[in-house]
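Report on the structure given below.
Bear in mind that the values here come from a model prediction, so they are computed numbers and not experimental data. Protein chains get the first letters and strands the later ones, always in sequence-line order, with residue 1 at the start of each.
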Amino acid sequence: QKEVEQDPGPLSVPEGAIVSLNCTYSNSAFQYFMWYRQYSRKGPELLMYTYSSGNKEDGRFTAQVDKSSKYISLFIRDSQPSDSATYLCATWGAGNMLTFGGGTRLMVKP
Amino acid sequence: EPEVTQTPSHQVTQMGQEVILRCVPISNHLYFYWYRQILGQKVEFLVSFYNNEISEKSEIFDDQFSVERPDGSNFTLKIRSTKLEDSAMYFCASTPQRDSPLHFGNGTRLTVT
């Protein structure tokens, strides 16, 4: 079983929509979770960082962790065309490495 | 805001040649990483480096790969004899402590012909 899994998309939404992006992870011992945004041919850019269960909000972005179901989510409110990118979830897995999901490609249409 | 810088942004090399990819991590960070992303695929861990030695490496990081921190600022990835399948984006990352988010550079696009 892969440590972190994401639906690859693409997910296409109209401008202004609420976007929900999701990941599942395999190991209940994982505690630190991150969301990165990656534009084409650029490095991953940190969006959100959460520890354990609960919600964290930053502007239009909300990260949610549900440890009971091993499920992490990123919500984007009032989505903009500039939000069009690939969104990567990540967690500190076994060992000294950050493990990424495969990414979900988001397209926000004007 | 401090950032991780990588050079060159694009490197083209012939199969069998050696390449060195260079990175300058954020200055007060202690943990350093290389990741790889083949076009259209996921970001994959290659190696982590702490206290002047490799702390972890993946199956991808075979004997053709090596890392070095030759001075207080640079962190390099060397591929001794490149193969076609080494063509990918290579990202350097750093963090001040374990379990903290990684800060990534914008990558070096390596093309092996």
Treating [X] as the side-chain partner and [Y] as the backbone partner, does any N or O pair qualify as donor plus acceptor under 3.5 Å?
| X | Y | result |
| --- | --- | --- |
| Asn106(B) | Gly43(A) | yes |
| Tyr36(A) | Phe104(B) | no |
| Trp92(A) | Ser100(B) | yes |

[X] and [Y]: same hydrophobic cluster, using ILVMFWY side-chain contacts below 4.5 Å?
| X | Y | result |
| --- | --- | --- |
| Val19(A) | Leu88(A) | no |
| Tyr31(B) | Phe49(B) | no |
| Phe75(A) | Tyr87(A) | no |
| Phe61(B) | Tyr33(B) | no |
| Leu30(B) | Tyr32(A) | yes |

With a cut-off of 6.0 Å (strictly less than), are more than 12 heavy atoms of other residues, nucleotides or ligands near CD of Gln14(B)?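 No, CD of Gln14(B) has 12 or fewer neighbouring heavy atoms, counting only those of other groups under 6.0 Å.
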Other residues, nucleotides, ligands: >12 heavy atoms within 6.0 Å of Met15(B) CE: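 No, not enclosed.
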Could you state the interatomic distance from OH (Tyr49(A)) to CG (Asp99(B)), rounded to the nearest 0.5 Å?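 If we round to the nearest 0.5 Å, Tyr49(A):OH and Asp99(B):CG are 6.5 Å apart.
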Quick one: pull up OG in Ser48(B) and CG in Leu98(A) and give me the separation to the nearest 0.5 Å.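 Here the rounded value is 11.0 Å.
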Aromatic ring centroids of Phe45(B) and Phe100(A) under 6.0 Å? no
Pick whichever of Lys42(A), Met34(A), Gln6(A), Met97(A) has the most heavy-atom pairs under 4.5 Å with chain B. Met97(A)
Is chain B contacted by the side chain of Arg41(A), its backbone, both, or neither, given a heavy-atom distance below 4.5 Å? both
Contact between Gln38(A) and Phe91(B) at the side-chain level, heavy atoms closer than 4.5 Å - yes or no? yes
Mind ranking Glu44(B), Gln37(B), Gln6(B) by heavy-atom pairs under 4.5 Å with chain A and telling me who comes out on top? Gln37(B)
